[in-house]
4 protein chains.
Amino acid sequence: MTKKPTDKRQAILDAALKIFAENGFHSSPTSQISKMANVGTGTIYRYFENKDSLINALYDEVDQRLRATAWEDIDEQAPVRENLFHLLGIVFRFLLDNPSDFKFFEQYYNSPYGIEKKRSQEETCDKPMVMIFEKGIEQQIIKDLPHDLLFALCFGPMTMLIRDQLTGYFTITDEMIQTTIKATWDSIRL
Amino acid sequence: MTKKPTDKRQAILDAALKIFAENGFHSSPTSQISKMANVGTGTIYRYFENKDSLINALYDEVDQRLRATAWEDIDEQAPVRENLFHLLGIVFRFLLDNPSDFKFFEQYYNSPYGIEKKRSQEETCDKPMVMIFEKGIEQQIIKDLPHDLLFALCFGPMTMLIRDQLTGYFTITDEMIQTTIKATWDSIRL
Amino acid sequence: MTKKPTDKRQAILDAALKIFAENGFHSSPTSQISKMANVGTGTIYRYFENKDSLINALYDEVDQRLRATAWEDIDEQAPVRENLFHLLGIVFRFLLDNPSDFKFFEQYYNSPYGIEKKRSQEETCDKPMVMIFEKGIEQQIIKDLPHDLLFALCFGPMTMLIRDQLTGYFTITDEMIQTTIKATWDSIRL
Amino acid sequence: MTKKPTDKRQAILDAALKIFAENGFHSSPTSQISKMANVGTGTIYRYFENKDSLINALYDEVDQRLRATAWEDIDEQAPVRENLFHLLGIVFRFLLDNPSDFKFFEQYYNSPYGIEKKRSQEETCDKPMVMIFEKGIEQQIIKDLPHDLLFALCFGPMTMLIRDQLTGYFTITDEMIQTTIKATWDSIRL
DNA sequence: TATGAATGAGCATTCATTCAT
DNA sequence: AATGAATGAATGCTCATTCAT
């Protein structure tokens, strides 16, 4: 049984993610990616128009993965607070466990790519967040603030902590995760 | 009155900051920088050993600028809460008013440079933060958490909001700044 | 029939030899070499790690060529004197007929490359020389001197004459070659 | 008492000789030369039109030095053989003791400079050689060969040995010098 | 469909030379 | 006369992309 075409595409994406996360977009020659993916140099161009396309496709994939994770086990009937704690915990854990995804994301946002992409919050991992926010505001549990602000309050601290951990600055414990989520909750609760 | 040698060095740094912020390190040819700085290509290498040196020197300069701003008008005798609100407000405003500084910083941290630099929190804009944290903890006004975590809680949301604004996502109003700071305070207060 | 990959490598070596011999290593841009070889600039770097590698590979090639020539028609059973005259004649002729090889060699030895290479006499064109020397010494036909000295006595005059001829100083006739070899023989014979 | 202008010229020549001998013409920036000579970068251009001029002037100086050495203690009345042995010994020793001069010379001859200069044998260290050759031939002590050939026979072996020694290949002893001169004599004597 | 050799535009960096002081 | 900051042409090398097989 031979590889399905999808396999090559996926191998390229997987290799690209690792290499981009490690070295940055511009220090990651396509030749290195194709080598790690065990495909020919030209093959990348059969699946992606050019390097930029590959980067954007990779963003979409990582974004999908994160979104799927965020939805995981969300019980729409559960209380807002419980859902938020659950979701933040899952995302936190996911990003810590998938540092390449995190690094790629950060790089993407802080580059011309991210600016062009003009992250559309509605399309990211935040459908459930929106649901939680709206329900929380309606129930007068969460401050009535713009979603963007609530979003930044929820993910800003987490993001900064993970970045610090990845630069070797310190180690995040499970307890620290809970403490952070608790503090995050304090910042948005009414 | 003739140009001091510092002028050229500064012209290079200024040009580099703008171009790096706009295009990223790797899409910013030294030739473009020297052109914008109105100096010869070779002149950059009289002031900086190589492009990496320039980037690191630029980081130091921006860091200095931010640190100086953070210390501004801090009255050590004033209440903790007041000092924190003041400081966060100033930093928020500074980063919004100096988007190139912000973009450069973010890029730097999310690149091999930042990882090598291993941000030493004690040396950044946070001497006053440390003071505030310690005093707040001592007075049982602020949660007794690691400084790193408190730091992330203070600057994470702000950072994410500014990034969003710079990607054109929305506009941050003065009222929003105050709201954010208030929420930030809620996340760390006891 | 298509070009074998070796063709491009060889074309690069050939072009490099001519240009190096003419202008010296440092006045021979890789762009000029690639142009004369009818290949793209980057192609050089598919076959050689960098310019230094190219130079060293070229040395190996020229060395091989000379060595092969020196061995040519050597009849191990023939008398020492006959063998020596034959070999010196062949090498003399070869270097006169291949001035690029000669110039390249001289340049190589009088540069940091040659010093690093630390010419290992045993590995150059001199296996047959060693044989001749040892046999001659054993038969008490040749002076019992260090091989290095015998080597210098054999090739020093020849080298200097060829250099003079290449600088346009005068023309070496076949008779001159024979006279030189005869004199060389006189310097080492017992 | 301040430096005479000549001092600076000489300082530049001295520095250039060392640096050229060590690194080759093209790996010896004028800035490095001026630094070692303790003069300003521009100062070189007050004494020499450009780098090429400096190289040629340096050649002339080294050449003068060698010529002066060769003439040293030559007693025109002494026997040809004695004079030749004396002169070769002095030159051999000089070149061994002044490796920078030797290396510079070799580099010069094996470069486009040397070819342009078209070494005029009459102008080098060989006035005394010519005298010796002519007298020797007249007295039927030396083979009646072209001066060029006699010259190559005299200096070829010496040159090759010194080069070998400088590449670290082996060490030349005083005894070796005498042996070499003796062999050289054998090659040109009748 | 897949490959990887070949390409050449693009970039960091060097260094001979100039010229204002 | 002497200086050294400034210059920019020149060069080695990289890497995204193409295309013949």
Side-chain angles (χ1 to χ4, degrees), chain A residues 2-5 8 25-35 38-54, chain B residues 2-5 7-9 12 25-35 37-54, chain C residues 2-5 7-9 12 25-35 37-54, chain D residues 2-5 8 25-35 38-54:
Chain A
T2 53
K3 279 191 168 187
K4 283 170 299 177
K8 285 193 191 282
F25 300 147
H26 289 277
S27 302
S28 302
T30 51
S31 61
Q32 197 186 338
I33 294 171
S34 60
K35 192 173 295 173
N38 281 317
V39 301
T41 15
T43 306
I44 289 179
Y45 293 84
R46 298 201 61 76
Y47 294 99
F48 307 96
E49 194 185 334
N50 51 35
K51 200 181 176 184
D52 279 13
S53 280
L54 168 58
Chain B
T2 55
K3 276 194 170 185
K4 284 170 299 181
D7 285 345
K8 281 191 192 283
R9 194 188 132 96
I12 291 165
F25 300 146
H26 290 279
S27 304
S28 302
T30 51
S31 60
Q32 198 187 337
I33 295 172
S34 61
K35 194 172 293 174
N38 280 317
V39 300
T41 10
T43 304
I44 289 179
Y45 294 85
R46 290 200 59 75
Y47 294 100
F48 307 95
E49 198 183 330
N50 50 37
K51 200 181 175 184
D52 278 14
S53 280
L54 168 58
Chain C
T2 54
K3 277 193 170 185
K4 284 168 299 181
D7 285 345
K8 282 192 192 280
R9 194 190 131 97
I12 292 166
F25 300 146
H26 290 279
S27 303
S28 303
T30 51
S31 60
Q32 198 186 335
I33 294 172
S34 62
K35 194 172 294 172
N38 281 316
V39 301
T41 10
T43 305
I44 289 180
Y45 295 86
R46 289 200 61 74
Y47 293 100
F48 307 96
E49 198 183 332
N50 50 36
K51 200 181 174 183
D52 278 14
S53 280
L54 168 58
Chain D
T2 53
K3 279 191 170 187
K4 283 171 300 179
K8 283 191 192 285
F25 300 147
H26 290 277
S27 303
S28 302
T30 51
S31 61
Q32 198 186 337
I33 294 171
S34 60
K35 193 174 292 171
N38 281 317
V39 301
T41 16
T43 306
I44 289 180
Y45 293 85
R46 298 202 62 75
Y47 294 100
F48 307 96
E49 196 184 333
N50 51 36
K51 200 182 176 184
D52 279 12
S53 281
L54 168 59

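Chain letters run A, B, ... following the sequence lines, proteins first and then strands; every chain starts at 1.
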Whole Å only: how far is the [atom1] atom of [X] from the [atom2] atom of [N]?
| X | N | atom1 | atom2 | result |
| --- | --- | --- | --- | --- |
| R9(C) | dA5(E) | CZ | C1' | 16 Å |
| I33(B) | dG8(F) | CD1 | C1' | 16 Å |
| N38(C) | dA6(E) | CG | C1' | 13 Å |
| Q32(B) | dG8(F) | CD | C1' | 17 Å |
| L54(D) | dC15(E) | CG | C1' | 15 Å |
| I44(B) | dA12(E) | CD1 | C1' | 10 Å |
| K35(D) | dA5(F) | NZ | C1' | 14 Å |
| R46(D) | dA2(F) | CZ | C1' | 7 Å |

Atom pair [atom1] ([X]) and [atom2] ([Y]), whose distance is rounded to the nearest 0.5 Å:
| X | Y | atom1 | atom2 | value |
| --- | --- | --- | --- | --- |
| Y45(A) | S34(A) | OH | OG | 9.0 Å |
| F25(A) | S27(B) | CZ | OG | 11.0 Å |
| T43(D) | I33(D) | OG1 | CD1 | 13.0 Å |

Q | Non-hydrogen atoms of K51(A) and H26(A) that approach each other most closely | A |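 Closest approach of K51(A) to H26(A): NZ-CA, 4.4 Å.
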- Residues in side-chain contact (heavy atoms from CB on, under 4.5 Å) with E49(B), at least two apart?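 S53(B).
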Per-nucleotide protein contact along nucleotides 14-20 of chain F, 5' to 3', at a 4.0 Å heavy-atom cut-off (B base, S sugar-phosphate only, - neither), is BSBBB--
>> Counting only side-chain nitrogens and oxygens, does K8(D) get under 4.0 Å of the OP1 or OP2 atom of dT3(F)?
In response: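 For dT3(F), OP1/OP2 do have a side-chain N/O of K8(D) under 4.0 Å.
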(request) Could you tell me whether the phosphate oxygens of dA5(E), OP1 or OP2, come under 4.0 Å of any side-chain nitrogen or oxygen in Y47(C)? (result)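 No.
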Taking the side chain from K8(C) and the backbone from Y47(C), do they hold a donor-acceptor pair closer than 3.5 Å?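 Between the backbone of Y47(C) and the side chain of K8(C) there is no qualifying donor-acceptor contact (under 3.5 Å).
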Report yes if some heavy atom in the side chain of L54(A) is under 4.5 Å from a heavy atom in the side chain of T30(A); otherwise report no.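 Result no, sub-4.5 Å side-chain heavy-atom pair not found.
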For DNA chain E, the expected dot-bracket line (Watson-Crick or G-U under 3.5 Å, [ ] crossing, | inter-strand) is .||||||||||||||||||||
